[in-house]
Each structure stands twice: as structure tokens, then as C-alpha cells.
Amino acid sequence: MDLAHVCFFIWILAILTFYQHPINVNARYHYHKKQQKTKGSPFIDEAPAPAPALVPSTPADPPSIPSDPYPTDPGDTSDCIFDVTAYGAVGDGSSDDTAAFREAWKAACSVESATILVPSDKIFTITSTIFSGPCKPGLVLQVNGVLMPPKGPDCWPKADSRKQWLVFYRLDDMKLTGNGTIEGNGHEWWELPCKPHRGPKGSSLPGPCESPAMIRFFMSSNIAVSGLRIQNSPQFHMKFDGCEGVLIEELSISTPKLSPNTDGIHIENTKSVGIYNSMISNGEGVEKNGACDDCISIGPGCSNVDINGVTCGPSHGISIGSLGVHNSQACVSNITVRNAVVRESDNGVRIKTWQGGTGSVSGISFENIQMENVRNCIIVDQYYCLSKECLNQTSAVYVTDIRYKNIKGTYDVRNPPIHFACSDTVACTNITMAEVELLPQEGELMDDPFCWNAYGIEETLTIPPIGCLQEGMPQAITETSQYSC
């Protein structure tokens with residue numbers, strides 16, 4: 001082989017060698033070295049999937065929330081997951097795990113899209129605690145095990161508030177979720193001598209009667225609660241005060257039938273709320289001191305509330321109110337309840353106000369609701385009073401623009417299924433009835449719905465017939481402008 005051929009082969013070999021090495025170098029950029037876990041670190045190592053948008057801009061268009069969007073496999077490893085057991089929580093059902101939960105909250109609060117994990121197969125006991133913000137956005141408290149307070153008033157720390165247990169304060173973009181249980185241990189609280197007990201007349205003894213609400217969100221926004229079983233609260237199961245942007249989905253809330261004052265979900269001074277696809281069975285305790293056992297109760301200052309797909313009962317039904325107590329102003333507007341079932345309850349859908357109040361209830365729609373053996377299926381009560389000492393007053397909360405459509409099912413014949421008791425001086429106006437068909441659960445049809453100073457129309461004939469609604473508007477309707485909000 002001559003010198004020219006030798007040089008040609010050397011040149012080809014050099015070109016092949018040159019192109020081989022850049023390919024290997026470039027390949028290194030697709031390799032990610034696993035981050036080493038620091039000794040004693042409280043973190044687990046694998047980042048969860050990005051959290052979906054939690055709260056709808058309007059409750060009529062809620063986001064789709066997966067039932068379990070956050071990974072909980074024990075093998076997961078991520079610096080964004082804070083397992084309470086890594087902070088010393090024992091989870092044996094008797095040890096006080098409060099300090100561990102507070103430390104986990106403090107650490108997670110400062111990390112964006114962090115998850116505080118309450119692992120399954122353990123029972124954690126914590127005392128009354130306020131989990132405060134502001135925190136970094138996207139914080140998740142994921143309860144897969146059991147979380148509960150001390151067992152009864154005798155075990156409640158004397159330094160702790162007896163009015164509330166878990167409080168979430170000044171938070172934005174936070175989610176409470178999981179497939180576990182939040183257990184209220186309410187049985188011993190219900191048996192306090194001062195509690196009303198179910199009986200022929202009810203019975204109670206005087207004395208302090210404070211019992212803690214189970215879960216409270218206060219002054220918070222863009223909050224989502226989903227997937228959990230919440231049961232046996234000493235008093236209200238969930239309260240939302242001064243919040244905006246709340247999504248509640250796929251909850252199971254339950255207490256025994258005779259548990260007193262154990263409302264399922266209570267909202268007040270709260271706007272833009274969606275409550276969807278949940279089951280609430282929370283007792284029929286005797287009403288006392290303004291409290292009863294509504295599946296959902298909507299207090300003053302609420303607007304833009306959408307309730308869809310809720311099954312309710314036994315209970316006191318779904319209520320707006322009570323409103324206007326102690327001559328206060330109450331404003332409630334744009335409330336929709338649809339595709340619901342109410343069964344074995346004292347009330348179906350109710351609006352209740354005290355005499356002497358001011359303000360208004362307006363833009364209310366009850367649609368596609370099935371009643372099953374309900375005592376007062378449709379009720380407006382503007383003479384709400386819990387004793388015989390209430391005096392007649394001329395001022396009242398103005399009730400207007402209320403629509404009942406496709407309300408069907410059965411009622412308990414002890415009461416007429418339709419009851420409109422409106423103020424003597426401030427009439428209820430613009431009541432619309434359409435496709436209302438209510439039959440007795442047993443016994444004879446009651447054909448005497450009650451109306452007092454109520455104005456509206458029947459778009460279709462109702463069963464039983466309701467001939468007591470007055471047509472048009474009251475002559476003094478111009479005076480109701482003072483009650484508008």
C-alpha cells in the first residue's frame with residue numbers, strides 16, 4: 001500500500017473517533033443523579049404530581065378533582081412530603097402527637113406545594129390546635145390514617161379551648177384530603193347533663209355546655225376539602241367563617257340519629273362555595289340555643305353557594321338560617337341546591353329567620369330534590385323562636401325570589417308538607433312553584449299547605465294543591481327596599 005492510501009485510512013479513523021465522543025458526552029445530560037437523603041431528614045424522597053386547581057372561580061363550574069391525586073406509597077421519596085411520624089408522632093391511639101403535628105406543619109408551611117402526610121394504619125391523637133398561615137401555596141394535609149381528639153371532656157386539657165378542635169387560620173390555596181377518618185369522639189360530650197336529649201318533651205339541666213366544633217376554617221381562601229370520612233363530632237363537624245373560594249367534595253359525614261347539635265357543614269360570612277357529591281347523616285337532636293342538626297346550614301353573609309349531589313339525613317335538612325337573631329342584619333343571596341336527596345328528616349329545604357332582623361334572602365333555587373319521609377318538606381319560617389318568650393316585632397328579613405322546581409317524594413303526615421309563614425309586615429315575594437309532587441309516606445293526603453303573607457305563582461299544579469299563595473305583589477312592597485342588602 002502506498003503512502004497516499006495509508007494517510008487516507010488514518011484520516012477516516014480520526015473522523016470516526018471525533019464523532020463518537022460528542023455522542024457519549026451529550027448522553028450524560030439525560031442522566032439525573034438521585035439526591036442523597038440527609039441523615040436524620042424528616043422528608044420522604046419523590047415529588048408528588050403537581051396539584052390541580054383546587055377551587056372554582058365560580059361554584060357553577062367546579063374543577064375536576066381526582067379522588068387521590070397525591071402519591072402515598074410508603075416507598076415514595078420526595079422532599080415535598082412531610083410525614084408526621086418523622087417528627088415523632090407515634091400513632092398508637094393514646095400518645096399525644098400534638099407536638100409532632102405542629103412541627104410538621106411549621107416545616108411544610110414554608111415549602112411550596114408541600115404535603116403533610118398522616119399515614120394509614122395508625123391512630124393519631126392531638127389536642128386543640130390552630131394551624132396558622134400564611135403558608136406557601138399548594139399546601140396539602142393528607143389524612144390517610146385516623147386523626148382524633150382526646151376522648152371526652154374529662155380528658156380535654158384544661159388550658160385548651162372547649163369551643164373548637166382543629167382550626168385552620170389565614171390560609172390560601174390549601175387542601176385537606178385523604179382516604180382516612182377524622183374521628184370526633186363526641187359520645188361523652190353528647191351525654192353532658194346540659195345537652196338536650198331526645199324524649200317526649202326533651203330534657204336538660206343547667207350548667208356550662210361548651211363543646212368543640214370539630215374542624216374550622218377561618219379567614220381563609222381557595223380551600224378544598226375532599227375524600228375524608230368525618231364522624232362523631234362533639235358539636236358542628238365543619239365550619240367556614242369569613243372564607244372565600246371553598247370546594248367541598250366526596251365527603252362522608254356521620255353521627256348517630258340522636259346526637260345533639262352536630263351540624264354537618266356550616267358556613268357564614270363566606271362566599272363562592274361548592275359542595276358536591278357528599279353524604280351527610282348527622283342526627284335529629286332537639287333544637288336548643290339556636291343549634292340543631294342541619295346537614296348544611298347557611299348563615300348570614302353568604303353568597304354564590306352551589307350545592308349539588310348531596311344525600312342528607314337523618315337530620316334537620318338543608319337550611320338557610322337562622323338569620324336576624326338579636327335584631328341583626330343578615331344578607332344571603334344566590335344559593336342553589338340541586339340533585340339532592342333528603343330522607344328521614346324533620347325538615348327538607350328550609351329558610352328560617354327571627355323577628356326583628358333586617359336584610360334579605362334572595363335568589364334561592366331548590367331544584368330536583370327527592371324527599372323520603374320528611375316532616376316539613378318545604379318551609380319558610382319567619383317566626384323562628386326556641387322558647388315561648390319571643391315577642392312580636394315589625395322588622396323582618398325580607399325573603400324574595402325563591403324557586404322550588406321538581407321537588408318530589410313523601411312526607412310525614414304529622415305536618416303539612418308545605419309551610420310558608422312570612423312576616424306580618426314584610427311579606428315573602430316572588431315564590432315560584434313548579435313540578436312539586438309530595439305524597440304521604442303513610443296515611444291520607446293532607447291537602448292544606450299553610451301560607452301567611454306569601455306571594456307567588458304556581459307554574460304547574462302542585463300535589464297537594466297550594467291555593468294559599470297570593471298573586472302579584474303586596475301593596476306595601478316599596479317599604480321592603482330598606483331591607484335590601
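- Scanning for salt bridge (Lys or Arg N to Asp or Glu O under 4.0 Å) contacts around Asp241 gives Arg216, with sequence neighbours left out.
- Here the straight-line distance linking atom CD of Glu183 with atom CG of Leu147 works out to 10.5 Å at 0.5 Å rounding.
- Among residues two or more places apart in sequence or in another chain, the disulfide bond (SG atoms under 2.5 Å apart) test is passed with Cys155 by none.
- Side-chain atoms of Ser315 come within 3.5 Å of backbone atoms of Gly317 as a donor-acceptor pair (strictly under, hydrogens ignored).
- Here the side chain of Ser95 pairs no donor or acceptor atom with the backbone of Asp97 at under 3.5 angstrom.
- Every side chain to side chain contact (heavy atoms under 4.5 Å, CB included) that Ser278 has, sequence neighbours left out, goes to Leu251.
- One N or O on the side chain of Ser220 and one on the backbone of Leu171 form a donor-acceptor pair closer than 3.5 Å.
- Between Cys243 and Met219 there is no side-chain heavy-atom pair separated by less than 4.5 Å.
- Pairs engaging residues 363-380 under the side-chain hydrogen bond (donor to acceptor under 3.5 Å, both in side chains) rule: Asn339-Asn368, Arg343-Glu372, Glu344-Asn373, Asn347-Asn376, Asn368-Asn406, Arg375-Asn415 [sequence neighbours left out].
- Looking at Asp293, its side chain does come within 3.5 Å of a backbone N or O of Asn261 through a donor-acceptor pair.
- Considering only heavy atoms from C-beta on, Met214 stays 4.5 Å or farther from Leu166 through its side chain.
- Looking at Thr262, its side chain does come within 3.5 Å of a backbone N or O of Asn282 through a donor-acceptor pair.
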Worked check of side-chain contact (heavy atoms from CB on, under 4.5 Å) between Trp105 and Arg102 | CA-CA 5 Å; Trp105 179 273; Arg102 289 175 177 168; 5.6 Å; no

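- Smallest separation of non-hydrogen atoms from Ile418 and Met433: CD1-CE, 4.1 Å.
- When every heavy atom of Pro149 is checked against every heavy atom of Trp165, the shortest pair comes out as N-CZ2, 3.3 Å.
- One finds the NZ atom of Lys271 at 13.0 Å from the OG atom of Ser221 (value rounded to the nearest 0.5 Å).
- With rounding to the nearest 0.5 angstrom, the CG atom of Asn179 is 7.0 Å from the CD atom of Gln142.
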Is there a side-chain contact (heavy atoms from CB on, under 4.5 Å) between Ile230 and Met238 once you walk through the steps?
-> CA-CA 9 Å; Ile230 303 172; Met238 299 189 72; 3.7 Å; yes

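- With hydrogens and angles left out, the side-chain atoms of Ser272 and Glu244 include no donor and acceptor closer than 3.5 Å.
- Distance check: Cys109 SG to Phe82 CZ gives 10.0 Å after rounding to the nearest 0.5 Å.
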Start with the C-alpha distance between Ile267 and Lys239, add both sets of side-chain angles, then the distance that settles side-chain contact (heavy atoms from CB on, under 4.5 Å), and finish with yes or no.
-> CA-CA 6 Å; Ile267 61 175; Lys239 296 179 69 174; over 6 Å; no

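- By the side chain to side chain contact (heavy atoms under 4.5 Å, CB included) test, Thr125 is found to be paired with Met148, residues two or more places apart in sequence or in another chain being considered.
- Using bins of under 30°, 30° to 60° and over 60° for the plane-to-plane angle, the ring pair Phe420/Tyr404 lands in the tilted bin.
- In this structure, the side chain of Thr115 does not engage the main chain of Leu117 through any donor-acceptor pair within 3.5 Å.
- Between Val436 and Lys408, every side-chain heavy-atom pair lies at or beyond the 4.5 Å cut-off.
- Side-chain contact check for Thr177 and Ser226: at least one donor-acceptor pair (N or O, by modelled atom type) lies under 3.5 Å.
- In this structure, the side chains of Asp381 and Tyr384 come closer than 4.5 Å at one or more pairs of heavy atoms.
- Screening residues 249-282 for disulfide (SG to SG under 2.5 Å) gives no qualifying pairs among residues at least two apart or on separate chains.
- A donor-acceptor pair shorter than 3.5 Å cannot be found between the side chains of Asp401 and Ser362.
- Looking at every heavy atom in both residues, Pro212 comes nearest to Ser233 through O-OG, 4.2 Å.
- If you check the side chains of Asp263 and Ser297, you find a donor sitting under 3.5 Å from an acceptor.
- Leu438 and Pro417 make their closest contact through CD1-CB, 3.9 Å (heavy atoms, listed as atom of the first residue, atom of the second, distance).
- A donor and an acceptor atom, one from each side chain of Gln441 and Thr410, are located under 3.5 Å apart.
- Every residue two or more places apart in sequence or in another chain that forms a side-chain hydrogen bond (donor to acceptor under 3.5 Å, both in side chains) with Ser254 is listed here: Arg229.
- For Asn144 (side chain) and Gly180 (main-chain N/O), no donor-acceptor pair under 3.5 Å exists by modelled atom type.
- In this structure, the side chain of Arg162 engages the main chain of Pro153 through a donor-acceptor pair within 3.5 Å.
- For residues 249-278, no residue pair satisfies the disulfide (SG to SG under 2.5 Å) rule, not counting sequence neighbours.
- Ser110 places a side-chain N or O within 3.5 Å of a backbone atom of Ala107 that can act as its donor or acceptor partner.
- Phe366 approaches Ile402 most closely through the heavy-atom pair CE1-CG2, 4.2 Å.
- A salt bridge between Arg350 and Asp294 is present, with a side-chain N of the basic residue lying under 4.0 Å from a carboxylate O of the acidic one.
- Residues Ile378 and Ile407 form a side-chain contact, since some pair of their non-hydrogen atoms from C-beta on lies under 4.5 Å apart.
- When the side chain to side chain contact (heavy atoms under 4.5 Å, CB included) test is applied to Thr85, the partners found at least two apart in sequence or on another chain are Asp83, Pro119, Lys122, Phe124.
- With sequence neighbours left out, the disulfide bond (SG atoms under 2.5 Å apart) criterion links Cys377 to no other residue.
- Ser328 places a side-chain N or O within 3.5 Å of a backbone atom of Val325 that can act as its donor or acceptor partner.
- If you take CD1 on Ile275 and CG on Asp306, they are separated by 9.0 Å, rounding to the nearest 0.5 Å.
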Given the rule in the side-chain contact (heavy atoms from CB on, under 4.5 Å) test, do Leu247 and Ile223 qualify, once you have shown the distances and angles that lead to the verdict?
-> CA-CA 6 Å; Leu247 175 62; Ile223 300 299; over 6 Å; no

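- For the pair Cys485 and Ser360, the minimum side-chain heavy-atom distance is below 4.5 Å.
- Between Leu323 and Val361, the closest side-chain pair of non-hydrogen atoms falls below 4.5 Å.
- In this structure, the side chains of Pro157 and Pro150 come closer than 4.5 Å at one or more pairs of heavy atoms.
- Contact between Ala89 and Ala100 at its shortest, heavy atoms only, is N-CB, 3.3 Å.
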Listing, residues 129-140 side-chain donor-acceptor contacts under 3.5 Å, not counting sequence neighbours, or none:
{"from": "Thr129", "atom 1": "OG1", "to": "Thr127", "atom 2": "O", "distance (Å)": "2.7"}

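- Under the ring pair (Phe, Tyr, Trp, His ring centres under 6.0 Å) criterion, Phe217 pairs with Phe168, Phe240, not counting sequence neighbours.
- With values rounded to the nearest 0.5 angstrom, Ser259 atom OG is found 5.0 Å from Trp190 atom CH2.
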